[in-house]
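Data block below; observations after.
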Number of protein chains: 2
Amino acid sequence: MQPEQRFYAGEFRHFIDEKNRITIPARWRRGSAEEFIVLAEATHQFLLVMSPEEFSRMSAAAEADANVSARDKRVFFRQLHARSQHTTADKQGRLVLPVDLCQKVGLKGEVILVGGRGRFEIWNLQKRKRADEEETPTYQHVANVIGL
Amino acid sequence: MQPEQRFYAGEFRHFIDEKNRITIPARWRRGSAEEFIVLAEATHQFLLVMSPEEFSRMSAAAEADANVSARDKRVFFRQLHARSQHTTADKQGRLVLPVDLCQKVGLKGEVILVGGRGRFEIWNLQKRKRADEEETPTYQHVANVIGL
DNA sequence: CCCACTTTTCCCCACTTTTAACCACCTTCC
DNA sequence: GGAAGGTGGTTAAAAGTGGGGAAAAGTGGG
C-alpha cells in the first residue's frame with residue numbers, strides 16, 4: 001500500500017549526554033529524513049522514534065480499525081498527540097530527546113537503540129535485558145515453526 | 001477531505017502572567033495564524049484553542065451529523081458561540097486569555113498546554129494529571145490493538 | 001454633546017533560560 | 001594514515017517571562 005517502510009536493523013549501545021542528545025547510528029541515518037517524532041511507549045518501557053510519515057501511517061491504521069469504538073479512538077488520539085514530540089537531528093546526526101520523556105522511561109547515560117520496522121526504540125539497559133529474556137522463548141517458538 | 005489539519009504535538013508547561021497572557025510554544029507558533037478562537041470545554045475542565053478554520057470545520061461536522069436532532073443542534077450552537085471568544089497573539093507570540101474563561105476552568109499561574117489534532121488545550125495542572133490517569137488505560141488498550 | 005477620568009489593551013523593551021549550530025577531539029576500521 | 005563514526009564542549013540565537021507606558025475604549029458628570 002504505502003511507498004516503502006524503512007527497516008532499521010540491529011542494536012546499538014550509545015550514550016545520552018548531559019544535554020539529552022543521542023547519536024543516531026550512521027547506518028540508520030543514511031537515506032533517512034532528519035526529522036523525527038518521539039513518543040513514550042504506553043507502558044513506559046522505552047521511547048519510540050519514527051518519521052512523520054510512519055506516524056501518519058500508524059494513525060491511519062488506528063483510525064481505520066473496526067475493533068475500536070469511536071470514543072476509544074478519540075481518547076487514543078488525544079493521548080497520542082499529547083505524548084508525542086517533534087525533533088530534528090543536528091549536523092552531527094544527533095537527536096535531542098525531551099527531558100520529561102526520558103525521565104518517564106528512565107533513560108540516562110548508556111542506552112540501547114533497537115531497530116524495527118519503520119521505527120526504532122531507545123531502551124534503558126536493564127529494562128531491555130529483561131524484556132529480551134522474556135521475549136526470547138516466543139521468538140524461539142516461531143523460529144522453530146518456520147524452520148529457522 | 002480538508003486541506004490539512006495542523007498537528008500540535010506534545011505537552012508544555014507555561015505560565016499565565018498577571019495580565020492573563022500565555023506564550024504559545026514556538027513550535028506551535030511557526031506557520032500558524034496569529035488568530036485563535038478560545039472556548040471553555042463543556043465540563044469546564046480545560047480551555048480549547050483553535051484557528052477560525054478549525055472552528056468552522058468543527059461546526060460544519062456538527063451541523064452535518066444526522067444522529068442529532070435539529071433542536072439539540074440549536075442548543076449546541078447557542079452554547080458553542082456563547083462560550084467562545086476571539087483572540088489574537090501579540091508580537092511576542094502570546095495569547096491574552098479571557099478572564100472569565102480562565103476562572104471557569106481554574107487557570108492561574110502554571111498550566112499545561114496539551115497538543116492535539118487541529119487544536120490545543122490549556123489545563124490546570126491537577127486536573128490534567130487526573131484526566132491523564134483516567135485516559136491512559138483506554139490509550140493502552142487501543143495501542144495494544146493496533147500493535148504499537 | 002463634550003470633556004475629564006479610569007480602565008483596558010496592545011506594543012515595546014529588558015532580562016533569564018533554553019535551544020541549536022558549530023568546532024574540536026578521540027576512537028575505530030579500512 | 002586517512003576517513004568516518006561517536007562524544008564533549010563553546011557560543012550565538014531563540015524562546016519564555018516580566019513589566020512600563022502610550023493608545024484606545026469605556027464611564028460618568030456637567
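Throughout, protein chains are lettered first and strands after them, A, B, ... in sequence-line order, and every chain is numbered starting at 1. As the structure is a computational prediction, the values presented were derived from the model and not from experiment.
If you take CD1 of A:Ile16 and P of D:dT7, they are 10 Å apart, rounded to a whole angstrom. Look at CD on A:Gln85: it is 14 Å from C1' on C:dT19, rounded to the nearest Å. Distance, A:Leu97 CG to C:dT19 P: 12 Å, rounded to whole Å. Between the CZ atom of B:Phe12 and the C1' atom of C:dT19 there is a distance of 12 Å, rounded to whole Å. Taking atom CG on B:Leu95 and atom P on D:dG16, their separation rounds to 13 Å, with Å as the unit. Residue A:Asp90 contributes atom CG, which lies 13 Å from atom C1' of D:dG9 at whole-angstrom precision. If you take CH2 of B:Trp28 and P of D:dG16, they are 10 Å apart, rounded to a whole angstrom.
For C:dT17, the OP1/OP2 oxygens have no side-chain nitrogen or oxygen of B:Arg13 closer than 4.0 Å. Note on A:Arg21: every side-chain N or O is 4.0 Å or more away from OP1 and OP2 of C:dA20. Between B:Lys91 and C:dC12, a side-chain N or O to OP1/OP2 separation shorter than 4.0 Å is present.
With a 6.0 Å radius and a threshold of 12 heavy atoms from other residues, nucleotides or ligands, B:Arg29 has its CZ atom above the threshold.
Note on ring orientation: taking the six-membered ring where Trp is involved, the planes of B:Tyr139 and A:Phe76 are parallel (angle under 30°, cut-offs 30° and 60°).
Aromatic ring centroids of B:Tyr8 and A:His81 lie 6.0 Å or more apart.
Between A:Glu133 and A:Lys129, at least one side-chain N (NZ, or NE/NH1/NH2) sits under 4.0 Å from a carboxylate O, which counts as a salt bridge. Ion pairing between a basic and an acidic side chain is recognised when a charged N comes within 4.0 Å of a carboxylate O; A:Arg6 and A:Glu53 show no such pairing. Looking at A:Arg74 and A:Glu63, no side-chain N of the basic residue comes within less than 4.0 Å of a carboxylate O on the acidic one, giving no salt bridge. For the pair B:Arg13 and B:Glu110, the salt-bridge criterion is met [side-chain N within less than 4.0 Å of a carboxylate O]. Checked for salt-bridge contact, B:Glu11 and A:Arg83 miss the test: no charged N lies under 4.0 Å from a carboxylate O.
Residue-to-nucleotide proximity on DNA chain D shows that, of B:Arg29 and B:Glu18, the 5′-proximal contact is made by B:Arg29.
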Under 3.5 Å between N/O atoms: give me all the protein pairs with nucleotides 23-30 of chain C, atom names plus distance.
from	atom 1	to	atom 2	distance (Å)
C:dC23	N4	A:Gln92	NE2	2.9

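Donor-acceptor pairing under 3.5 Å, judged by distance alone, is present between the side chain of A:Lys19 and the base of D:dT10.
Residue B:Arg30 is in sugar-phosphate contact alone, with no base atom involved, counting any heavy-atom pair closer than 4.0 Å across all strands shown. Residue contacts for A:Ile24: at a heavy-atom cut-off of 4.0 Å it reaches the sugar-phosphate backbone alone, with no base atom in range.
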For this session: Output, in order, the C-alpha distance, side-chain angles, deciding distance and verdict of side-chain hydrogen bond (donor to acceptor under 3.5 Å, both in side chains) for A:Gln79 and B:Asp132.
Result: CA-CA 8 Å; A:Gln79 287 274 332; B:Asp132 186 48; 2.9 Å; yes
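With D:dT17, D:dA15, C:dA20 as the choices, the nucleotide that has an atom nearest any side-chain atom of A:Val96 turns out to be C:dA20.
Rounded to 10 degrees, the angle between the two end axes of the helix from C:dC1-D:dG30 to C:dC30-D:dG1 is 30°, with five pairs used at each end.
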